[in-house]
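Take a look at the structure set out below.
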Amino acid sequence: MPALEVRDVSKSFGAAPVVRDVSLTAERGELVCLLGPSGCGKSTLLRLISGLETLDSGAVLFDGKSQEAVAPHMRGFGLMFQDLALFPHMDVQGNVGFGMRMQRRSGDAIRRRVDELLELVGLAGYGRRKVHELSGGERQRVALARSLAPEPKLLMLDEPLGSLDRVLRESLQVQVRSILKEVGVTAICVTHDKDEAFAIADAIVFMDGGLVVQAGTPEALFRAPASELVARSLGMRNILPGKLVQAGGVAQVECAIGMLAVWGAVPVGVGSGGDVLVLIDERGVTVTSARRGAVPAGALAGVIVAREFRGGESELRVRVGNGELICAVAQRDAGADVKVGDDVTVVLPLGAVTLLR
Amino acid sequence: MTANRLLVIGPVAFLAAFFLYPLAAILGRSFGGGEFSPDPFWVVLGDPYYLGRIWFTVWQAAVSTALTLIVGLPVAYLFARHEFPGKTVLKALTTLPFIMPTIVVAMGFIALLGPQGLVNTALAGLFGDDGPQVQVTNTLTIIFMAHAFYNYAIVVRIVSAFWSNLSPRFGESAAMLGAGRIRTFTHVTLPLLMPSLLSSAVLVFVFSFTSFGVVLVLGGPRFATLEVSIYELTVKLFRLDVAGALALVQLAFTSAFLLVYTRLQAQSAVPITFVPVDAVMRKRRGFRDVAVLAAIVVGLLVVLSPLVALVERAVSSGGGYSLTHFVGLFTDDRGSYFYVSPLMVIWNSIRFALASMVIALAVGTAASYVIVRRRGRSGVVDALFMAPLGVSAVTLGFGFLVAFNRAPIDLRGSWLILVIAHSLVAYPFVIRSVLPVLRGMPPHLKESAALLGATPLNVFIHVELPIIARALLVGATFAFAVSMGEFGASLLLVRPEFTTIPVATFRLLGQPGESNLGQALAMSTLLMAVVTVGFVAIERFRYRNVGGF
């Protein structure tokens, strides 16, 4: 039995549906990320699970028991808000100990656990600090410690790193996951940042327009995004409409940049002549100057339209046929010396092409 | 340059001559006038009677403040956290008692709870003349009630403004950490609200501490605050030295409280990130919220009932409704108490208010310019110009009495003394409406106009005046309403032929007879109507979110 089960949950504000028939599950100790563009209903879903908003329909079950009649503060869930909402009138240990004081634990036990948690989040000795004296990253970790302190059965995190700058965010993503895993808490994390989701999640639930679009492991989502939106959200940019020419064997697909061989599976239910979306991995593509002799079989001829230096690699925009292809080329590769306007030969590696419905 | 000089000298001279000089005169008088002698202070501080007055003033203010907070908090919550139809109107209604002249508030309570008041008339109608009666006039209860009624708008305004910007995430976080509604309130919301609670409590305390009209009219002779004692010492006992000493004691108290207030304002305890109001409002309402709303709305109506009762009593006579009392105001020629007819009283109030308004506008606007130009230390200058607000009305009147009864400024018997006192109380309101607009004016505006060839006068007429016009209108309305309602200083300074509406109402109340009470009620109703119209005008004309009291 999953620890958390959300079953066909819907919620409207006025006439606008915000969450529509959403179902998801989280196993004990699992870290689930709700990923999606802002306004897709993911934060509202957290508020529905926490009980801060009431359901229009559906059910939230924990350990198989409906939470409908349970007040938010009695559910034993934790919720960490994006703005953290650290109590400004208390110091760090006051904040971290708050939940345990509400459970009326003994002062001794509270002190011990506060120290333990501050140690866990790397803030040992910060107990007496004032909240407004902390840096952004420190506040974020205090908020995490505060949420974990009362030992919630389920921890929800709403854009936990949303207020931090990029560098800090990247270093904390890994920390958050390792802390959550160490504690072993079941957690749901809301984010709009795919890198954050990949860094934290065991499983990703992709939402859009109040609906669940796709759910699965990060790898599964990346391998076979269910829609163009999911693909684009995961950072894929070479997405072209195409027509399936041959479905059997090594499939062939016709698109703006030419005829391509598809080594992977063809979407279920699409036959020859069917419309598909062609997804081309931008990494691993070989781009060489056309003057360098022989053109291998299956190669495409193109012209460099733009190139951008990106540190370890360069991003090339190559005009191929009637379309454009974005290629990330490592600096040390052959393609590194091509210039805008050069005629080039483009070779796609096996498995670079994926088809979506 | 000379015009600039005049702009600075004008308001400073006004403040020096009509505020600082009278205060100095009180000081001089209480030290025995001429030869230094601390005797009046020993009289005050050594006499159990006066110590008792001081103690009474303190604890009645404390109780009044507590009661005001209890009444104000739920209403503050309602406005801070709920969105509902008619909210703007209800909010304005809530503020109404605070801007009412004290005499109107006192009359409202007499109309509601007095022997011939609405409640007792209704009780007599139900149970007969021997039935149960509410007897609260001349008791502490009615003083406390009136103070709460008068001041709860302060709590509502200050606390709800603070509360509405407080992120609801704090409460929700507490809930997610296992705190129920009550513990969320006591452990999180209340401590977070504390700065606003404290500063509104200090203000309410100061106002209750210096309360005059309410205590004098409703409390009767047994309950004299310092303010009432000063008045009686001056007018009835002619002990000006002791009155002066008491005034100084009171001034010391209020200054200390106002100092605490500014400190509280400055260090708002903890830095809190505020969120826009829109993010906070609860628009969706369950059954429980509706119940809360209903209870608070009913509570509000109860709180407003004295004003309603005032109007009701004013238009009822001999068991039915009629305009007898109002007609009486305009036809009275019995020469009963008055040296002047009621019509003359009304005319006095209006012309004094107009004159005070003009002076207050001139002084207040000039002072605003002085404050704005003092970029560095504008806070100190601002506080200095606002100081007349911190001095009680009776103290001010008393100061005028002892300062302007001889050269260099002898204003005895002149109506000017009244008008100057009124404008002194009124001009801080002009500053508070004009100053924010002046501060918000882009500095390059005037420079652009000057570079386009406008003379300083032209700049003022064509650029600045249109911009501050609405603020001036608001300030003028405030000044007019303040002057119309001024009671404490007027009572000390007024000569019979210059009697104003509040003073006349008070004198009428001292006369026996139903028609005198009726006319007092009618006068108060007129005053209330004038102030209400002014208030509606202010609400219409003031810039949203600019200025504030």
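Letters A, B, ... mirror the listed sequences (proteins, then strands); counts begin at 1. Note that the coordinates shown come from a computational prediction; the quantities given were computed from them, not determined experimentally.
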Requested in this report: Return yes when atom CD of A:E27 has more than 12 non-hydrogen atoms of other residues, nucleotides or ligands closer than 6.0 Å, and no otherwise.
Outcome: yes

Query - Under 4.5 Å from a heavy atom of chain B, the part of A:F81 involved - result: side chain

Query raised in the report: Can you tell me how far the NE2 atom of B:H187 sits from the CE atom of A:M102, to the nearest 0.5 Å?
Result: 4.0 Å

Query - Side chain, backbone, both or neither of A:M100 within contact of chain B (heavy atoms, under 4.5 Å) - result: neither

Query raised in the report: Which pair of heavy atoms, one from A:F87 and one from B:L177, lies closest together, and at what distance?
Result: CE1-CD1, 4.4 Å

**Report entry** Proximity breakdown for A:L79 and chain B, heavy-atom pairs closer than 4.5 Å
**Finding:** both

Query raised in the report: What distance do A:F98 atom CZ and B:S173 atom OG have between them, rounded to the nearest 0.5 Å?
Result: 9.0 Å

**Report entry** Within 6.0 angstrom of A:E133 CD, more than 12 heavy atoms from elsewhere
**Finding:** yes

Query raised in the report: Is there a side-chain contact (heavy atoms from CB on, under 4.5 Å) between B:M176 and A:M156 once you walk through the steps?
Result: CA-CA 10 Å; B:M176 294 316 294; A:M156 289 168 277; 4.2 Å; yes

Query raised in the report: Relative to chain B, which of A:M74, A:R75, A:Q103, A:R146 shows the most heavy atom pairs under 4.5 Å?
Result: A:R146

Query raised in the report: Considering all heavy atoms of both residues, which atom of A:H73 and which atom of B:A179 are nearest to each other, and what is their separation?
Result: CB-O, 3.2 Å

Report task. Enter the distance from A:D83:CG to B:R169:CZ here, rounded to the nearest 0.5 Å. Result -> 6.0 Å

